[in-house]
Peer 1: 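Can you read through this structure? Questions will come right after.
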Amino acid sequence: MSSAHLPECPIPIFTTVASYREWRRKAFDAKQTVGFVATMGALHEGHLALVKRSLAANDLTVLSIFVNPAQFAPHEDLATYPSTLPRDLESLSAMSLQVKVQGSNEPLTRTPSAVFLPTVSEMYPSGISQDVSLQKGTFVEVKGYGHQMEGQSRPTFLRGVATVVTKLFNAVEPTQTYFGQKDIQQALLLRRMTRDMLLSHPSPDKLHIVPTVRDPASSVALSSRNAYLTPREREVAAPVLHAALQIGKSAWQDGASKQDCVRQACALIMDMAEKLNAFDNEEKINVRLDYVEMNDTESFDVLPDNISRVQWDLEGSEREGRPVILSGAMWVGRTRLIDNIILGDTRKLGIIE
Ligand code: PAF
(Lines give C-alpha, C1' and ligand atoms only; values in the text may rest on other atoms or scores of the structure.)
Protein backbone atom coordinates (compact mmCIF):
# COMPACT_ATOMS: atom_id res chain seq x y z
CA MET A 1 0.00 0.00 0.00
CA SER A 2 1.42 3.43 -0.89
CA SER A 3 1.52 6.00 1.94
CA ALA A 4 -1.06 8.11 0.01
CA HIS A 5 -3.67 5.38 0.51
CA LEU A 6 -3.11 4.79 4.21
CA PRO A 7 -5.99 5.32 6.63
CA GLU A 8 -5.60 8.35 8.89
CA CYS A 9 -3.82 7.45 12.09
CA PRO A 10 -2.21 9.45 14.89
CA ILE A 11 0.56 6.84 15.16
CA PRO A 12 3.38 7.32 12.63
CA ILE A 13 3.30 4.63 9.93
CA PHE A 14 6.50 3.65 8.12
CA THR A 15 6.23 1.76 4.87
CA THR A 16 9.95 1.67 4.02
CA VAL A 17 12.91 0.38 5.96
CA ALA A 18 14.81 3.62 5.24
CA SER A 19 12.13 5.89 6.73
CA TYR A 20 11.72 3.64 9.76
CA ARG A 21 15.51 3.60 10.31
CA GLU A 22 15.60 7.39 10.56
CA TRP A 23 13.04 7.21 13.36
CA ARG A 24 14.87 4.30 15.01
CA ARG A 25 18.20 6.18 14.92
CA LYS A 26 16.66 8.96 17.03
CA ALA A 27 15.53 6.37 19.60
CA PHE A 28 19.08 4.96 19.73
CA ASP A 29 20.48 8.47 20.18
CA ALA A 30 17.99 9.20 22.97
CA LYS A 31 18.86 5.82 24.58
CA GLN A 32 15.19 4.82 24.43
CA THR A 33 14.27 1.15 24.48
CA VAL A 34 12.08 -0.22 21.69
CA GLY A 35 9.62 -3.07 22.22
CA PHE A 36 8.42 -4.88 19.10
CA VAL A 37 5.36 -6.95 18.22
CA ALA A 38 5.37 -8.67 14.80
CA THR A 39 1.92 -9.36 13.32
CA MET A 40 0.17 -10.14 10.06
CA GLY A 41 -2.64 -7.75 11.00
CA ALA A 42 -6.31 -8.63 11.66
CA LEU A 43 -5.49 -7.70 15.24
CA HIS A 44 -7.34 -9.28 18.16
CA GLU A 45 -7.00 -9.20 21.95
CA GLY A 46 -4.08 -11.65 21.74
CA HIS A 47 -2.04 -9.14 19.74
CA LEU A 48 -3.13 -6.30 21.99
CA ALA A 49 -1.91 -8.28 25.04
CA LEU A 50 1.54 -8.39 23.40
CA VAL A 51 1.42 -4.64 22.78
CA LYS A 52 0.45 -4.03 26.43
CA ARG A 53 3.47 -6.06 27.60
CA SER A 54 5.66 -3.99 25.38
CA LEU A 55 4.17 -0.68 26.55
CA ALA A 56 4.75 -1.72 30.17
CA ALA A 57 8.44 -2.49 29.67
CA ASN A 58 9.77 -0.22 26.93
CA ASP A 59 10.02 3.51 26.24
CA LEU A 60 8.70 3.00 22.71
CA THR A 61 6.59 0.29 21.10
CA VAL A 62 6.56 -0.66 17.43
CA LEU A 63 4.13 -3.06 15.79
CA SER A 64 4.60 -4.47 12.30
CA ILE A 65 1.82 -5.56 9.99
CA PHE A 66 3.01 -7.70 7.12
CA VAL A 67 1.32 -10.73 5.57
CA ASN A 68 4.35 -12.82 4.73
CA PRO A 69 3.97 -14.82 1.49
CA ALA A 70 6.93 -17.07 2.35
CA GLN A 71 5.12 -18.73 5.24
CA PHE A 72 2.09 -19.75 3.14
CA ALA A 73 2.29 -22.86 0.94
CA PRO A 74 0.83 -22.36 -2.57
CA HIS A 75 -2.41 -24.16 -1.56
CA GLU A 76 -2.88 -22.10 1.63
CA ASP A 77 -4.93 -18.99 2.38
CA LEU A 78 -2.56 -16.12 1.48
CA ALA A 79 -5.08 -14.52 -0.89
CA THR A 80 -7.92 -14.60 1.63
CA TYR A 81 -5.97 -13.94 4.84
CA PRO A 82 -8.11 -11.51 6.89
CA SER A 83 -7.14 -7.89 6.39
CA THR A 84 -8.63 -5.20 8.66
CA LEU A 85 -6.09 -2.37 8.49
CA PRO A 86 -8.38 0.59 9.36
CA ARG A 87 -9.76 -1.30 12.37
CA ASP A 88 -6.24 -2.42 13.41
CA LEU A 89 -5.00 1.16 13.38
CA GLU A 90 -8.06 2.29 15.37
CA SER A 91 -7.47 -0.38 18.03
CA LEU A 92 -3.81 0.60 18.32
CA SER A 93 -4.63 4.31 18.48
CA ALA A 94 -7.06 3.64 21.32
CA MET A 95 -4.41 1.89 23.42
CA SER A 96 -2.64 3.52 26.33
CA LEU A 97 -1.01 2.30 29.48
CA GLN A 98 -0.02 4.17 32.61
CA VAL A 99 3.36 3.12 33.93
CA LYS A 100 5.33 4.08 37.00
CA VAL A 101 8.77 5.38 36.20
CA GLN A 102 11.69 5.52 38.58
CA GLY A 103 12.32 8.91 40.12
CA SER A 104 8.85 10.32 39.38
CA ASN A 105 5.64 10.31 41.40
CA GLU A 106 3.55 11.00 38.34
CA PRO A 107 2.64 7.94 36.24
CA LEU A 108 3.63 8.13 32.59
CA THR A 109 1.11 7.39 29.84
CA ARG A 110 2.53 5.26 27.05
CA THR A 111 0.87 4.63 23.69
CA PRO A 112 2.07 2.67 20.64
CA SER A 113 4.85 4.69 19.00
CA ALA A 114 5.06 3.47 15.40
CA VAL A 115 3.62 1.01 12.91
CA PHE A 116 5.90 -0.68 10.38
CA LEU A 117 3.84 -1.55 7.31
CA PRO A 118 6.20 -2.65 4.56
CA THR A 119 5.27 -3.83 1.08
CA VAL A 120 6.21 -7.26 -0.26
CA SER A 121 8.95 -5.79 -2.48
CA GLU A 122 10.40 -3.89 0.48
CA MET A 123 10.69 -7.12 2.47
CA TYR A 124 11.71 -9.35 -0.46
CA PRO A 125 13.95 -7.28 -2.76
CA SER A 126 14.81 -10.46 -4.72
CA GLY A 127 11.11 -11.26 -5.15
CA ILE A 128 9.21 -14.09 -3.47
CA SER A 129 7.41 -17.16 -4.74
CA GLN A 130 5.29 -19.31 -2.45
CA ASP A 131 6.67 -22.31 -4.30
CA VAL A 132 9.94 -23.12 -2.51
CA SER A 133 11.41 -24.76 -5.62
CA LEU A 134 11.11 -21.40 -7.48
CA GLN A 135 12.48 -19.22 -4.69
CA LYS A 136 15.64 -17.19 -5.24
CA GLY A 137 17.53 -15.14 -2.69
CA THR A 138 18.27 -15.56 1.00
CA PHE A 139 16.23 -17.69 3.39
CA VAL A 140 16.68 -18.61 7.02
CA GLU A 141 16.14 -22.18 8.12
CA VAL A 142 16.48 -23.37 11.71
CA LYS A 143 17.59 -26.87 10.83
CA GLY A 144 16.23 -29.75 12.89
CA TYR A 145 13.45 -27.67 14.45
CA GLY A 146 11.08 -27.01 11.59
CA HIS A 147 9.68 -30.45 10.74
CA GLN A 148 7.83 -31.41 13.93
CA MET A 149 4.37 -30.28 15.16
CA GLU A 150 3.29 -27.43 12.85
CA GLY A 151 6.24 -28.16 10.58
CA GLN A 152 5.00 -31.67 9.90
CA SER A 153 1.71 -30.40 8.49
CA ARG A 154 3.18 -27.19 7.03
CA PRO A 155 6.73 -28.08 5.91
CA THR A 156 7.70 -24.60 4.64
CA PHE A 157 5.91 -22.55 7.29
CA LEU A 158 8.67 -22.16 9.88
CA ARG A 159 11.33 -21.42 7.26
CA GLY A 160 9.10 -18.62 5.99
CA VAL A 161 8.60 -17.32 9.54
CA ALA A 162 12.32 -17.46 10.42
CA THR A 163 13.15 -15.64 7.19
CA VAL A 164 10.67 -12.80 7.61
CA VAL A 165 11.33 -12.37 11.33
CA THR A 166 15.09 -12.13 10.69
CA LYS A 167 14.32 -9.34 8.21
CA LEU A 168 11.92 -7.66 10.65
CA PHE A 169 14.47 -7.84 13.47
CA ASN A 170 17.16 -6.38 11.17
CA ALA A 171 14.84 -3.55 10.15
CA VAL A 172 13.17 -2.78 13.49
CA GLU A 173 16.19 -3.43 15.77
CA PRO A 174 14.07 -4.07 18.87
CA THR A 175 15.43 -4.04 22.40
CA GLN A 176 12.74 -6.54 23.39
CA THR A 177 10.13 -8.48 21.46
CA TYR A 178 6.92 -10.31 22.31
CA PHE A 179 5.38 -13.43 20.76
CA GLY A 180 2.24 -15.34 21.74
CA GLN A 181 2.29 -18.79 23.30
CA LYS A 182 -0.40 -19.92 20.86
CA ASP A 183 2.39 -20.33 18.29
CA ILE A 184 4.76 -21.93 20.78
CA GLN A 185 6.93 -23.72 18.22
CA GLN A 186 7.35 -20.47 16.28
CA ALA A 187 8.32 -18.55 19.44
CA LEU A 188 10.85 -21.14 20.68
CA LEU A 189 12.31 -21.57 17.20
CA LEU A 190 12.73 -17.79 16.83
CA ARG A 191 14.51 -17.61 20.18
CA ARG A 192 16.88 -20.32 18.97
CA MET A 193 17.38 -18.40 15.73
CA THR A 194 18.30 -15.17 17.54
CA ARG A 195 20.81 -17.21 19.56
CA ASP A 196 22.28 -19.06 16.56
CA MET A 197 22.55 -15.87 14.50
CA LEU A 198 24.21 -13.98 17.41
CA LEU A 199 21.57 -11.26 17.21
CA SER A 200 21.75 -8.36 19.65
CA HIS A 201 18.47 -6.65 18.68
CA PRO A 202 16.86 -8.57 20.21
CA SER A 203 19.14 -10.83 22.19
CA PRO A 204 17.59 -14.27 22.82
CA ASP A 205 16.74 -13.48 26.46
CA LYS A 206 14.76 -10.44 25.29
CA LEU A 207 12.40 -12.52 23.18
CA HIS A 208 9.45 -12.94 25.53
CA ILE A 209 6.56 -15.35 25.23
CA VAL A 210 3.15 -14.18 26.44
CA PRO A 211 0.37 -16.63 27.48
CA THR A 212 -2.34 -17.41 24.93
CA VAL A 213 -5.41 -15.18 25.14
CA ARG A 214 -8.64 -17.18 24.98
CA ASP A 215 -12.25 -16.38 24.27
CA PRO A 216 -13.66 -16.21 27.83
CA ALA A 217 -16.84 -18.14 26.96
CA SER A 218 -15.38 -21.01 24.92
CA SER A 219 -11.65 -21.07 25.83
CA VAL A 220 -10.86 -21.06 22.09
CA ALA A 221 -7.40 -19.54 21.53
CA LEU A 222 -7.77 -16.19 19.77
CA SER A 223 -6.41 -16.18 16.23
CA SER A 224 -6.87 -13.97 13.18
CA ARG A 225 -8.02 -17.04 11.25
CA ASN A 226 -10.96 -17.50 13.66
CA ALA A 227 -12.63 -14.86 11.47
CA TYR A 228 -13.28 -17.68 8.96
CA LEU A 229 -15.45 -19.61 11.46
CA THR A 230 -19.23 -19.49 11.15
CA PRO A 231 -21.04 -18.78 14.44
CA ARG A 232 -22.02 -22.47 14.73
CA GLU A 233 -18.48 -23.69 13.98
CA ARG A 234 -17.14 -21.27 16.58
CA GLU A 235 -19.64 -22.32 19.23
CA VAL A 236 -19.96 -26.07 18.69
CA ALA A 237 -16.79 -27.37 17.07
CA ALA A 238 -13.88 -25.01 17.80
CA PRO A 239 -13.86 -25.47 21.62
CA VAL A 240 -13.16 -29.19 21.30
CA LEU A 241 -9.45 -28.65 20.56
CA HIS A 242 -8.70 -27.00 23.89
CA ALA A 243 -10.98 -29.50 25.69
CA ALA A 244 -9.02 -32.36 24.08
CA LEU A 245 -5.69 -30.90 25.19
CA GLN A 246 -7.06 -30.52 28.72
CA ILE A 247 -7.94 -34.22 28.70
CA GLY A 248 -4.41 -35.04 27.58
CA LYS A 249 -3.02 -32.84 30.33
CA SER A 250 -5.10 -34.53 33.06
CA ALA A 251 -4.10 -37.98 31.82
CA TRP A 252 -0.40 -36.93 31.91
CA GLN A 253 -0.80 -35.60 35.43
CA ASP A 254 -2.53 -38.85 36.46
CA GLY A 255 0.46 -40.88 35.26
CA ALA A 256 -0.73 -42.13 31.84
CA SER A 257 1.80 -42.88 29.11
CA LYS A 258 2.28 -40.32 26.37
CA GLN A 259 0.59 -42.63 23.90
CA ASP A 260 -2.46 -42.87 26.13
CA CYS A 261 -2.64 -39.10 26.70
CA VAL A 262 -2.56 -38.46 22.95
CA ARG A 263 -5.07 -41.26 22.31
CA GLN A 264 -7.56 -39.80 24.82
CA ALA A 265 -7.22 -36.29 23.38
CA CYS A 266 -7.61 -37.53 19.79
CA ALA A 267 -10.65 -39.62 20.74
CA LEU A 268 -12.55 -36.52 21.90
CA ILE A 269 -11.88 -34.70 18.63
CA MET A 270 -12.70 -37.72 16.47
CA ASP A 271 -15.97 -38.39 18.33
CA MET A 272 -17.01 -34.79 17.81
CA ALA A 273 -15.94 -34.99 14.16
CA GLU A 274 -18.03 -38.10 13.62
CA LYS A 275 -21.13 -36.48 15.15
CA LEU A 276 -20.85 -33.20 13.27
CA ASN A 277 -19.88 -34.75 9.94
CA ALA A 278 -22.89 -37.09 10.15
CA PHE A 279 -25.55 -34.37 9.76
CA ASP A 280 -26.97 -34.16 6.26
CA ASN A 281 -28.41 -30.69 6.73
CA GLU A 282 -27.13 -27.19 7.54
CA GLU A 283 -25.99 -28.47 10.95
CA LYS A 284 -23.23 -30.47 9.32
CA ILE A 285 -19.72 -29.24 10.12
CA ASN A 286 -16.65 -30.77 8.53
CA VAL A 287 -14.30 -31.40 11.42
CA ARG A 288 -10.97 -33.15 10.86
CA LEU A 289 -8.19 -33.90 13.29
CA ASP A 290 -4.75 -32.89 11.99
CA TYR A 291 -2.57 -33.95 14.91
CA VAL A 292 -2.19 -34.04 18.67
CA GLU A 293 1.33 -34.69 19.91
CA MET A 294 3.66 -34.24 22.86
CA ASN A 295 7.12 -32.82 22.14
CA ASP A 296 10.27 -31.95 24.04
CA THR A 297 10.58 -28.17 24.46
CA GLU A 298 14.37 -28.37 23.87
CA SER A 299 14.75 -30.63 20.82
CA PHE A 300 11.09 -30.58 19.64
CA ASP A 301 11.44 -34.39 19.40
CA VAL A 302 8.24 -36.40 19.83
CA LEU A 303 8.16 -38.00 23.28
CA PRO A 304 8.52 -41.81 23.28
CA ASP A 305 5.13 -43.58 23.30
CA ASN A 306 5.56 -45.37 26.60
CA ILE A 307 7.01 -42.57 28.67
CA SER A 308 4.99 -41.17 31.59
CA ARG A 309 5.37 -37.91 33.50
CA VAL A 310 7.43 -39.52 36.28
CA GLN A 311 9.81 -41.12 33.79
CA TRP A 312 10.11 -37.91 31.79
CA ASP A 313 10.84 -35.86 34.88
CA LEU A 314 13.21 -38.40 36.41
CA GLU A 315 15.08 -36.89 39.34
CA GLY A 316 18.72 -36.31 38.51
CA SER A 317 18.19 -36.76 34.73
CA GLU A 318 19.19 -33.95 32.36
CA ARG A 319 15.47 -33.60 31.54
CA GLU A 320 14.40 -33.06 35.14
CA GLY A 321 11.96 -30.13 35.31
CA ARG A 322 12.00 -29.61 31.53
CA PRO A 323 8.49 -28.75 30.30
CA VAL A 324 6.72 -30.62 27.51
CA ILE A 325 4.58 -29.16 24.72
CA LEU A 326 1.17 -30.80 24.29
CA SER A 327 -0.12 -29.34 21.04
CA GLY A 328 -2.69 -30.00 18.39
CA ALA A 329 -4.31 -28.80 15.22
CA MET A 330 -7.70 -29.50 13.67
CA TRP A 331 -9.79 -28.34 10.75
CA VAL A 332 -13.23 -26.87 11.34
CA GLY A 333 -14.73 -26.25 7.92
CA ARG A 334 -12.14 -24.14 6.09
CA THR A 335 -10.42 -22.99 9.27
CA ARG A 336 -7.31 -24.64 10.65
CA LEU A 337 -7.11 -24.16 14.42
CA ILE A 338 -4.03 -24.71 16.55
CA ASP A 339 -3.53 -24.73 20.30
CA ASN A 340 -1.14 -25.97 22.97
CA ILE A 341 -0.69 -26.45 26.67
CA ILE A 342 2.70 -26.47 28.38
CA LEU A 343 3.05 -29.37 30.79
CA GLY A 344 5.41 -28.23 33.51
CA ASP A 345 6.83 -24.93 34.64
CA THR A 346 6.09 -22.32 31.96
CA ARG A 347 8.66 -19.91 33.49
CA LYS A 348 11.39 -22.29 32.35
CA LEU A 349 10.43 -21.33 28.77
CA GLY A 350 10.49 -17.64 29.59
CA ILE A 351 6.71 -17.43 29.33
CA ILE A 352 5.90 -14.28 31.26
CA GLU A 353 3.01 -14.35 33.69
O1 PAF B 1 2.59 -15.09 14.22
C2 PAF B 1 2.46 -14.39 13.17
O3 PAF B 1 1.53 -13.60 13.02
C4 PAF B 1 3.50 -14.52 12.07
O5 PAF B 1 3.95 -15.83 11.95
C6 PAF B 1 4.69 -13.55 12.24
C7 PAF B 1 5.48 -13.84 13.49
C8 PAF B 1 4.19 -12.11 12.27
C9 PAF B 1 5.65 -13.68 11.05
O10 PAF B 1 5.02 -13.40 9.85
Side-chain angles (χ1 to χ4, degrees), residues 17 20 35-51 53-54 61-73 76-85 88 91-92 112 114-120 122-124 128 130 135 139-142 145-146 149-151 153-172 174 176-194 197 199 201-202 204 206-213 221-228 327 329 335-340 351:
V17 176
Y20 170 81
F36 174 51
V37 177
T39 81
M40 298 205 297
L43 302 186
H44 52 69
E45 286 299 325
H47 295 115
L48 302 187
L50 304 178
V51 174
R53 297 286 182 161
S54 177
T61 290
V62 178
L63 177 132
S64 65
I65 298 179
F66 178 68
V67 183
N68 171 35
Q71 69 191 72
F72 291 78
E76 291 181 343
D77 55 344
L78 174 64
T80 56
Y81 194 81
S83 168
T84 57
L85 184 62
D88 293 352
S91 311
L92 287 173
V115 175
F116 182 49
L117 190 73
T119 57
V120 173
E122 189 75 9
M123 292 302 283
Y124 289 96
I128 181 68
Q130 285 172 261
Q135 286 175 349
F139 293 84
V140 178
E141 193 177 336
V142 188
Y145 297 89
M149 299 175 268
E150 279 305 278
S153 300
R154 306 182 67 197
T156 57
F157 166 65
L158 288 154
R159 174 178 179 270
V161 169
T163 300
V164 80
V165 174
T166 301
K167 290 166 183 269
L168 289 168
F169 284 171
N170 279 337
V172 174
Q176 310 203 70
T177 185
Y178 302 83
F179 288 87
Q181 185 196 324
K182 184 181 71 73
D183 296 286
I184 188 68
Q185 185 180 13
Q186 161 176 289
L188 294 174
L189 174 133
L190 291 173
R191 188 183 283 146
R192 186 172 290 279
M193 181 206 71
T194 57
M197 299 301 274
L199 297 192
H201 287 84
K206 299 292 185 213
L207 189 155
H208 305 290
I209 305 175
V210 176
T212 304
V213 178
L222 298 191
S223 160
S224 304
R225 287 192 169 98
N226 292 359
Y228 300 147
S327 67
T335 315
R336 187 168 177 278
L337 303 175
I338 62 168
D339 203 348
N340 70 79
I351 298 181

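Atoms within a ligand are numbered from 1 in the order they appear, just like the ligands themselves.
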Peer 1: Within the protein, flag every N or O under 3.5 Å from an N or O of ligand 1, and note the pair and distance.
Peer 2:
| unit_1 | atom_1 | unit_2 | atom_2 | d |
| --- | --- | --- | --- | --- |
| ligand 1 | 1 (O) | Gln186 | NE2 | 2.9 |
| ligand 1 | 5 (O) | Gln71 | NE2 | 3.0 |
| ligand 1 | 5 (O) | Gln186 | OE1 | 2.7 |
| ligand 1 | 10 (O) | Gln71 | OE1 | 2.6 |

Peer 1: Got a sec, which pairs hit salt bridge (charged side-chain N to carboxylate O under 4.0 Å, His left out) with one end in residues 179-191, sequence neighbours left out?
Peer 2: none

Peer 1: Side chains of Met193 and Thr166: closer than 4.5 Å at any heavy-atom pair?
Peer 2: yes

Peer 1: For Glu150, what residues pass the side-chain hydrogen bond (donor to acceptor under 3.5 Å, both in side chains) criterion, not counting sequence neighbours?
Peer 2: Tyr291, Arg336

Peer 1: Do Met40 and Phe72 make a side-chain contact, defined as non-hydrogen atoms from C-beta onward lying under 4.5 Å apart?
Peer 2: yes

Peer 1: Sequence neighbours excluded, which residues qualify as side-chain hydrogen bond (donor to acceptor under 3.5 Å, both in side chains) partners of Arg154?
Peer 2: Glu76

Peer 1: Do Phe36 and Phe116 have their ring centres less than 6.0 Å from each other?
Peer 2: no

